[in-house]
Amino acid sequence: MSIAPSYQQLLQSHLADHARIALGILEAGTYRGKTYPHILPKERQDLNLLEPPRAALRAYLKAHPRVRLHKYFHHLNSSQAFAFNLFFPFFSSAPAPARALSRALGVDQDVTSDWEFEHIADLDEGTNADVMWRTSEARVFCEVKLSETGFGTTKNDLKHQLKLQNIYRPRLTRIVSQDFLNETTFFRNYQLLRNISLLSSNEKDRLVFLLPLANRALHKPLQTILSGVRPLFLRRITVAYIEECLNSLETNVQLPDELRSHASKLKDKYVVSI
């Protein structure tokens, strides 16, 4: 009896085809001493940025050195590269396309020119939002996942125990079930609960989790934590699915043709069926 391939395996195979057919890359990149066809050679990592925005995105990154490429940016399944490819063309274009993307992610408000990648809301605390944008009312923090099999955990050590005691427990007490604030549960769900703690400073701030509908490994841990978020805060959290977002953009006749075409290219690169 054969075992069906996982989402991660299907996406890697699909991206290997993308490297060979769309990019013309026949040389496989390496990870921990082994070669994989869905990984680009490190020196070709810029090809993980889609055309035609690639040159403008490179210029943006050069002008914003604070935005550092992740160690595995040359992997075609890099969620950072996906975020760059999705958000930059729409948010750097004009107010209407920016709002169209925000709407497709569940926040139907005008987007100001104040948006950024790898945003840190509190430098002392250090939580990083993959993307942040401002609306007329508040900030929207977005956590982007692609082929990851889970959300981040951390060590239950003195350093993190003190952060829980002094930072996260005070911020999250009003927001989540107290069961989530014991050390074992908190550190097992560290990334999710840190993301949710971003809602503590402004009552109008929003949080979006963007992930593939097909990546079922992410659904249960996310829904488990969201089930313990108090209703007043839960209504400020949106779970958006990549497939639905891209369909919305591709079929939005109010968008310029080049942005609808870009949404199609994103689907071609990143969407697989289970």
Q | Ionic contact status for D205 with R134, cut-off 4.0 Å | A | no

(Q) Side-chain heavy atoms nearer than 4.5 Å, only ILVMFWY residues, links allowed to pass through others: does that put V208 and L213 together? (A) no

Q: Report the distance from atom CZ of R66 to atom NE2 of H119, rounding to the nearest 0.5 Å.
A: 8.0 Å

Q.
What verdict does the side chain to side chain contact (heavy atoms under 4.5 Å, CB included) test give for I175 and S197, after you've listed the backbone C-alpha separation in whole Å, the side-chain angles of each residue and the deciding distance to 0.1 Å?
A. CA-CA 8 Å; I175 301 177; S197 76; 5.7 Å; no

Q | Short N-O contact, R58 and D46, less than 4.0 angstrom | A | yes

**Q.** Donor-acceptor contact below 3.5 Å, side chain R188 vs main chain E183
**A.** no

Q. Is there a donor-acceptor contact under 3.5 Å from the side chain of R139 to the main chain of K204?
A. no

Q: Looking only at non-hydrogen atoms, find the nearest pair between L232 and R235 and report the distance.
A: O-CG, 3.4 Å

Q: Would you please indicate if the ring centroids of F84 and Y60 are separated by under 6.0 Å?
A: no

Q: Could you give me the CA-CA distance, side-chain angles and deciding distance for E203 and R236, then say whether salt bridge (Lys or Arg N to Asp or Glu O under 4.0 Å) is met?
A: CA-CA 9 Å; E203 64 181 14; R236 293 161 51 194; over 6 Å; no

Q | Member of L181, T127, L193, T173 meeting the side chain to side chain contact (heavy atoms under 4.5 Å, CB included) criterion with Y168 | A | T127

Q. If you look at every heavy atom in H14 and Y270, which pair is closest and at what distance?
A. NE2-N, 4.4 Å

Q: In plain terms, say whether K145 and E143 are close enough for a salt bridge, that is, a side-chain N and a carboxylate O under 4.0 Å apart.
A: yes

Q) Under the 3.5 angstrom rule, does the side chain of T238 hit a backbone N or O of A240 as a donor-acceptor pair? A) no

Q) Is there a side-chain contact between L50 and L266, using heavy atoms and a 4.5 Å cut-off? A) yes

Q) Heavy atoms, side chains only, cut-off 4.5 Å: are R103 and Q109 in contact? A) no

Q) When you measure from the side chain of R206 to the backbone N and O of I237, does any donor-acceptor pair fall under 3.5 Å? A) no

Q) Would a 4.5 Å heavy-atom cut-off, applied to side chains only, mark R260 and L249 as touching? A) no

Q. Going by distance alone, is a donor N or O of one side chain under 3.5 Å from an acceptor N or O of the other, for N156 and Q161?
A. yes

Q | Side-chain (N48) to main-chain (F73) donor-acceptor, under 3.5 angstrom | A | yes

Q. With the 4.5 Å side-chain cut-off for hydrophobic clustering, are L101 and Y241 part of the same group?
A. no

Q | Under-4.0 Å salt bridge between D268 and K265 | A | no

Q: May I ask you to check whether H160 and Y190 place their ring centres under 6.0 Å from each other?
A: yes

Q: Over all heavy atoms of both residues, which pair between P5 and L10 is shortest? Give the atoms and the distance, please.
A: CG-CD2, 3.7 Å

Q: Could you check if a side-chain atom of E27 sits within less than 4.5 angstrom of a side-chain atom of R44, using non-hydrogen atoms only?
A: no

**Q.** Backbone N/O of N247 and side chain of T251: donor-acceptor pair under 3.5 Å
**A.** yes

**Q.** Distance (rounded to the nearest 0.5 Å) between T149 OG1 and N215 CG
**A.** 8.0 Å

**Q.** Distance, nearest 0.5 Å, that separates CZ of F88 from CG of L57
**A.** 4.5 Å

Q: Take F141 and W115 through the ring-ring contact (aromatic ring centres under 6.0 Å, His included) test and state the conclusion after the steps.
A: CA-CA 10 Å; F141 304 105; W115 60 271; over 10 Å; no

Q: Could you pull out the closest heavy-atom pair between F233 and R174, with the gap in Å?
A: CE1-O, 3.3 Å

Q) Between E148 and S79, is any side-chain donor less than 3.5 angstrom from a side-chain acceptor? A) yes

Q.
Checking the side chain of S261 only, and the main-chain atoms of D257 only, is there a donor and an acceptor separated by less than 3.5 Å?
A. no

(Q) Determine whether T30 and Y36 satisfy the following criterion, side chain to side chain contact (heavy atoms under 4.5 Å, CB included), listing intermediate values before the conclusion. (A) CA-CA 6 Å; T30 60; Y36 296 90; over 6 Å; no

Q | side chain to side chain contact (heavy atoms under 4.5 Å, CB included), paired with P41, selected from T35, L47, I25 | A | I25

Q) Between S248 (side chain) and E244 (backbone), is there a donor-acceptor pair under 3.5 Å? A) no

Q | Nearest-0.5 Å distance, NE2 of residue H262 to CD of residue E51 | A | 10.5 Å

**Q.** Shortest non-hydrogen contact from L49 toward R54
**A.** O-NE, 2.7 Å

Q: State plainly whether one hydrophobic cluster holds both L15 and L86, where clusters connect Ile, Leu, Val, Met, Phe, Trp and Tyr through side-chain heavy atoms under 4.5 angstrom apart.
A: yes

Q) Looking only at atom types and distance, does a side-chain atom of N182 sit under 3.5 Å from a main-chain N or O of D179, one as donor and one as acceptor? A) yes

Q. What is the ring orientation for Y72 with H75, classed by angle as parallel under 30°, tilted 30 to 60°, or perpendicular over 60°?
A. tilted

Q: Over 60° means perpendicular and under 30° means parallel, so classify the ring planes of W133 and F87, tilted if in between.
A: tilted

Q | Evaluation steps, side chain to side chain donor-acceptor pair (under 3.5 Å), between E250 and S264 | A | CA-CA 6 Å; E250 184 184 37; S264 296; 2.6 Å; yes

Q: I would like to know whether V67 and E116 meet side chain to side chain contact (heavy atoms under 4.5 Å, CB included); could you show each step before the answer?
A: CA-CA 9 Å; V67 181; E116 63 182 13; over 6 Å; no

Q: Report yes or no: does D130 contribute a side-chain atom to a donor-acceptor pair with the main-chain N or O of V144 at less than 3.5 Å?
A: yes

Q) Between E243 and K267, is the closest basic N to carboxylate O distance under 4.0 Å? A) no

(Q) Measuring from atom CG of L76 to atom CG of L11, what distance do you get when rounded to the nearest 0.5 angstrom? (A) 9.0 Å

Q | Same apolar cluster: V272 and F82, side chain cutoff 4.5 Å | A | yes

Q.
In this structure, would Y7 and L210 fall into the same cluster of hydrophobic residues linked by side-chain contacts under 4.5 Å?
A. yes

Q. Do N195 and F151 have side-chain heavy atoms sitting under 4.5 Å apart?
A. no

**Q.** NE2-CD distance between H74 and Q45, expressed to the nearest 0.5 angstrom
**A.** 7.5 Å

**Q.** Neighbour count above 12 (heavy atom, 6.0 Å) for E43 CD
**A.** yes

**Q.** Check against side chain to side chain contact (heavy atoms under 4.5 Å, CB included), L222 and L211
**A.** CA-CA 10 Å; L222 177 57; L211 59 150; 4.0 Å; yes

**Q.** Side-chain touch R230/V176, heavy atoms, less than 4.5 angstrom
**A.** no

Q.
For C245 versus L105, what's the shortest heavy-atom pair and its separation?
A. SG-CD2, 3.8 Å

Q. Under a 4.5 Å cut-off applied to non-hydrogen side-chain atoms, are L192 and L226 in contact?
A. no

Q: Before accepting this row, confirm whether a basic side-chain N of the pair E118/R68 lies closer than 4.0 Å to the acidic partner's carboxylate O.
A: no

Q: Report yes or no: do N77 and Q8 form a side-chain donor-acceptor pair below 3.5 Å?
A: no

(Q) Counting C-beta onward and ignoring hydrogens, is there a side-chain heavy-atom pair between V131 and V140 closer than 4.5 Å? (A) no

